[in-house]
Amino acid sequence: GESVGLHLPTLSVQEGDNSIINCAYSNSASDYFIWYKQESGKGPQFIIDIRSNMDKRQGQRVTVLLNKTVKHLSLQIAATQPGDSAVYFCAENYYNQGGKLIFGQGTELSVKP
Amino acid sequence: DAGVIQSPRHEVTEMGQEVTLRCKPISGHNSLFWYRQTMMRGLELLIYFNNNVPIDDSGMPEDRFSAKMPNASFSTLKIQPSEPRDSAVYFCASSSTRNEQFFGPGTRLTVL
């Protein structure tokens with residue numbers, strides 16, 4: 001029979017609006033936190049990372065915020081475009097373990113034109 | 001640069017058969033990772049290599065799974081015998097730094 005899979009959290013935004021994707025993590029020992037984007041049928045693609053001793057980092061149209069007090073990470077995408085539609089994963093990076101990644105559940109971002 | 005190359009892209013096999021997935025990392029990268037992605041469990045790290053040596057295989061589900069990296073440009077993930085619950089997308093990733101991994105396109109495995 002067909003197995004029941006997890007339903008990913010979904011965020012639907014209008015083109016041009018800003019998007020905020022959230023992630024909770026559990027392990028305070030992580031050295032880096034990384035956001036990956038996965039488009040349908042493709043492998044995950046690195047977007048941006050943040051070191052655990054920072055609380056904010058900006059890239060091109062993206063900003064990552066880290067709140068270690070509540071173990072929360074967010075990815076902000078400015079002026080969201082249809083090409084941003086994908087599943088976004090946060091991952092904990094264990095730098096001293098060869099860069100081992102532990103991925104979160106993922107959030108599906110849908111951008112309406 | 002061609003990126004990480006995986007083959008085959010799709011594999012359909014019957015329960016009990018041996019399956020071999022292949023990966024060619026990006027030239028110059030010294031770390032290689034194998035992941036499995038399912039709807040139920042998300043993206044899971046199975047095993048990773050550094051300079052062709054297996055470092056952490058704690059994610060390998062059971063003895064039916066094995067991985068090798070005979071040289072810096074090639075790795076295999078083998079499942080013998082395969083079972084329907086092994087059906088998933090298997091990704092290979094490589095890196096030269098410890099905070100950015102480059103993923104291949106994945107192999108979609110279906111075990112009937």
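Reminder, nothing fancy here: chain letters follow the sequence lines and each chain counts from 1.
- At a 4.5 Å heavy-atom cutoff, the contact between A:Phe89 and chain B is made by side-chain atoms alone.
- Surrounding CD of A:Gln14 are more than 12 heavy atoms belonging to other residues, nucleotides or ligands, all under 6.0 Å away.
- Here CG of B:Asp56 is found 4.0 Å from NZ of A:Lys100. Values are rounded to the nearest 0.5 Å.
- Taking 4.5 Å as the heavy-atom cut-off, the residues of residues 102-112 of chain B that approach chain A are B:Phe103, B:Gly104, B:Pro105, ordered by number.
- In the hydrophobic cluster analysis, where Ile, Leu, Val, Met, Phe, Trp and Tyr join through side-chain heavy atoms closer than 4.5 angstrom, B:Leu21 is grouped apart from B:Val4.
- For the atom pair OH of A:Tyr94 and CG of B:Leu45, the computed distance is 11.5 Å after rounding to the nearest 0.5 Å.
- By the neighbour-count criterion of 12 heavy atoms within 6.0 Å, atom NZ of B:Lys68 is sparsely surrounded, having that number or fewer from other residues, nucleotides or ligands.
- Distance check: A:Gln38 CD to B:Leu43 CG gives 6.0 Å after rounding to the nearest 0.5 Å.
- With hydrophobic clusters built from ILVMFWY side chains whose heavy atoms lie under 4.5 angstrom apart, B:Val89 does not share a cluster with A:Ile102.
- The structure places CD of A:Gln45 at 14.0 Å from CD of B:Gln101, a figure rounded to the nearest 0.5 Å.
- Interface check for chain B: of the options A:Gly99, A:Ala91, A:Pro44, the most heavy-atom pairs under 4.5 Å are formed by A:Pro44.
- When heavy atoms are compared at a cutoff of 4.5 Å, A:Leu101 approaches chain B by way of both its backbone and its side chain.
- Applying the side chain to side chain donor-acceptor pair (under 3.5 Å) test to residues at least two apart or on different chains, none of the pairs has a partner in residues 2-19 of chain B.
- A:Arg51 CZ: 12 or fewer foreign heavy atoms inside a 6.0 Å radius.
- Counting non-hydrogen atoms of neighbouring residues, nucleotides and ligands closer than 6.0 angstrom, the CG atom of A:Asn67 exceeds 12 such neighbours.
- By the criterion of side-chain heavy atoms lying less than 4.5 angstrom apart, applied directly or through intervening Ile, Leu, Val, Met, Phe, Trp or Tyr residues, A:Val64 is grouped together with A:Leu66 in one hydrophobic cluster.
- Remark: A:Met54 CE is packed, more than 12 non-hydrogen atoms of other residues, nucleotides or ligands lying under 6.0 Å away.
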